[in-house]
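Presented below is the structure to which this report refers.
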There are 2 protein chains.
Amino acid sequence: MSSSTNSCAHEVLEVVPLIMRAMVSEIRRHRGPDLSVPQLRTLAFLNLHEGACLSEVAEHIGLTLPSMSKMVDGLVARTFVLRHPDTNDRRRVTLALTEGGRGALQAARETTQAFLAGRLAALPESQLAAIVKALGVLRPLFDGGHESNDQASR
Amino acid sequence: MSSSTNSCAHEVLEVVPLIMRAMVSEIRRHRGPDLSVPQLRTLAFLNLHEGACLSEVAEHIGLTLPSMSKMVDGLVARTFVLRHPDTNDRRRVTLALTEGGRGALQAARETTQAFLAGRLAALPESQLAAIVKALGVLRPLFDGGHESNDQASR
DNA sequence: TCTAATAATTAGTTTTGCTAACTATACCCT
DNA sequence: AGGGTATAGTTAGCAAAACTAATTATTAGA
């Protein structure tokens, strides 16, 4: 393990939480339809994985099945999500975004992206490109990760 | 606002939460002295801002004063933090890390950094350098931010 | 000096996430 | 085919964490 690896890890450890905190507090500031961050993450996951079942969502978000079930209750009550029984396996419940759910997600994304763009506006093209490239390298390292999502260790 | 700005914002919006989630779940996996993420953030803030008062910490972390007060109760009970009355303004309580607190923070940081280094190990020097540089550009944009931290909007 | 503002705490409630227990369905294996 | 085990989801009950409202102590200002 090179020392560049460590100093890069150090930089990630410092800067990523900084950005994340700014994003989260921006989301909270604008929460029109009053969605918490985990709820937004759930909508985002469903947007990508149409028709995922409850367990899959719970696993991905990192909640237990009961907690996710209750969170989905709330999303269903606000008509952001629909529950359908799976036709193949009737134990499963598949989830789908409604138009309203997609809209809420889109709205939250847009305000957050606009906030980020505001911060980035000062940068010249070359630096923007460098950032995109660097994040493109990081993404696959953390995307899906180990899939070792730990229900057990909690 | 250039379109590069927007695509960069988009990339940040996608990748930063990904990395953050991996870090948080790693922290939770290893929590030896059983510190929550907000507690760790509190210790980190106190490490940088020795002698900050309770309100300042609450503002920075994004908690209300009562919540922060109770969290500090816990940190004091575990002897990670000390409360001192401020000599100038006796309403204020200033906070300081103990050696134990500093140690706990350091330990958590090291395990997280090691985790990150593990993920980054596959990358060649050139890409590591590019990432460090890109994050170095991002950092000042989100460091301290606008200081417009909102107790009110919550 | 008396009133208003500020810093922190306490009290009580709400939210959220957990474990345990339960129901229903599917899988397996003899 | 039938019975035991495993899996998916929900319900119930509880614990942790964060909020609002109210309280106390201190400072600042009219």
Side-chain angles (χ1 to χ4, degrees), chain A residues 21 24-25 27-29 31 33-43 46 49 51-78 81-96 149-154, chain B residues 21 24-25 27-29 31 33-43 46 49 51-78 81-96 149-154:
Chain A
R21 196 163 60 77
V24 166
S25 80
I27 288 172
R28 286 215 260 255
R29 194 169 298 131
R31 57 177 186 188
D34 204 27
L35 284 164
S36 73
V37 173
Q39 283 171 331
L40 276 175
R41 289 216 340 240
T42 301
L43 296 185
L46 288 177
H49 304 84
C53 75
L54 192 68
S55 308
E56 290 161 350
V57 183
E59 163 104 8
H60 186 267
I61 301 296
L63 288 182
T64 60
L65 217 40
S67 301
M68 184 51 74
S69 181
K70 221 168 50 171
M71 179 197 279
V72 168
D73 285 348
L75 294 173
V76 168
R78 276 184 282 176
V81 166
L82 291 176
R83 278 190 172 100
H84 301 100
D86 185 326
T87 44
N88 293 22
D89 183 341
R90 279 157 50 202
R91 291 170 302 181
R92 286 171 179 251
V93 169
T94 66
L95 302 173
N149 230 337
D150 51 326
Q151 208 79 334
S153 79
R154 199 168 306 130
Chain B
R21 197 160 58 77
V24 166
S25 79
I27 289 171
R28 286 214 259 256
R29 194 168 300 130
R31 57 181 186 186
D34 204 28
L35 283 165
S36 73
V37 172
Q39 283 172 331
L40 276 175
R41 289 216 338 237
T42 301
L43 295 185
L46 289 177
H49 303 85
C53 75
L54 192 69
S55 308
E56 290 162 349
V57 183
E59 163 105 9
H60 186 267
I61 301 295
L63 286 182
T64 61
L65 218 39
S67 301
M68 184 51 73
S69 182
K70 220 167 52 171
M71 180 198 279
V72 168
D73 285 348
L75 293 173
V76 168
R78 276 182 282 176
V81 166
L82 291 176
R83 277 189 173 102
H84 301 101
D86 185 327
T87 44
N88 293 22
D89 183 341
R90 278 156 50 203
R91 291 170 302 182
R92 286 173 178 250
V93 169
T94 66
L95 303 173
N149 228 335
D150 53 327
Q151 206 79 338
S153 79
R154 198 168 311 127

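Lettering of chains follows the sequences in order, A, B, ..., and the numbering in each one begins at 1. Note that the coordinates shown come from a computational prediction; the quantities given were computed from them, not determined experimentally.
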Any N or O donor-acceptor pair linking the side chain of R91(B) to the base of dT6(C) at under 3.5 Å?
->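 For R91(B), whose side chain was compared with the base of dT6(C), there is a donor-acceptor pair (under 3.5 Å).
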Would you mind telling me which of [options] lies closest to the side-chain atoms of [X]?
X: P38(A); options: dG17(C), dT9(C), dT7(D); result: dG17(C)
X: L54(A); options: dT10(D), dA8(C), dT19(C); result: dT10(D)
X: L65(B); options: dC18(C), dT20(D), dT9(C); result: dT9(C)
X: D89(A); options: dA26(C), dA8(C), dT16(C); result: dA26(C)
X: P66(B); options: dT26(D), dA21(D), dA20(C); result: dA21(D)
X: S69(B); options: dA26(C), dT9(C), dT10(D); result: dT9(C)
X: S67(A); options: dA8(C), dT20(D), dC18(C); result: dC18(C)
X: R90(A); options: dA26(C), dG13(D), dG9(D); result: dA26(C)
X: C53(A); options: dG9(D), dT9(C), dT26(D); result: dG9(D)

Atom pair CD1/CZ of I61(B) and R41(B) - distance to nearest 0.5 Å =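 So the CD1 of I61(B) and the CZ of R41(B) are separated by 4.5 Å.
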Measure the CZ-SG distance between R83(A) and C53(A) for me, rounded to the nearest 0.5 Å.
->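 Rounded to the nearest 0.5 Å, the CZ-SG separation comes to 12.5 Å.
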Checking salt bridge (charged side-chain N to carboxylate O under 4.0 Å, His left out) for the pair R78(A)/D73(A): CA distance, chi angles, key distance, verdict?
-> CA-CA 9 Å; R78(A) 276 184 282 176; D73(A) 285 348; over 6 Å; no
Expressed in angstrom and rounded to an integer, what is the separation of [X] atom [atom1] from [N] atom [atom2]?
X: L95(B); N: dA7(C); atom1: CG; atom2: C1'; result: 12 Å
X: K70(A); N: dG17(C); atom1: NZ; atom2: P; result: 8 Å
X: D73(A); N: dG17(C); atom1: CG; atom2: P; result: 13 Å
X: I61(A); N: dC18(C); atom1: CD1; atom2: C1'; result: 17 Å

First encountered from the 5' end of DNA chain C, between N88(A) and Q39(A) |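 Taking each residue's closest nucleotide, the earlier one in sequence belongs to Q39(A).
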Do you know which two heavy atoms are closest between A52(A) and V57(A), and how far apart they sit?
->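 So the two residues come closest at CB-CG2, 4.1 Å.
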Just checking, any donor-acceptor pair under 3.5 angstrom between side chains of R92(A) and H84(A)?
->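 Absent: no donor and acceptor within the cut-off.
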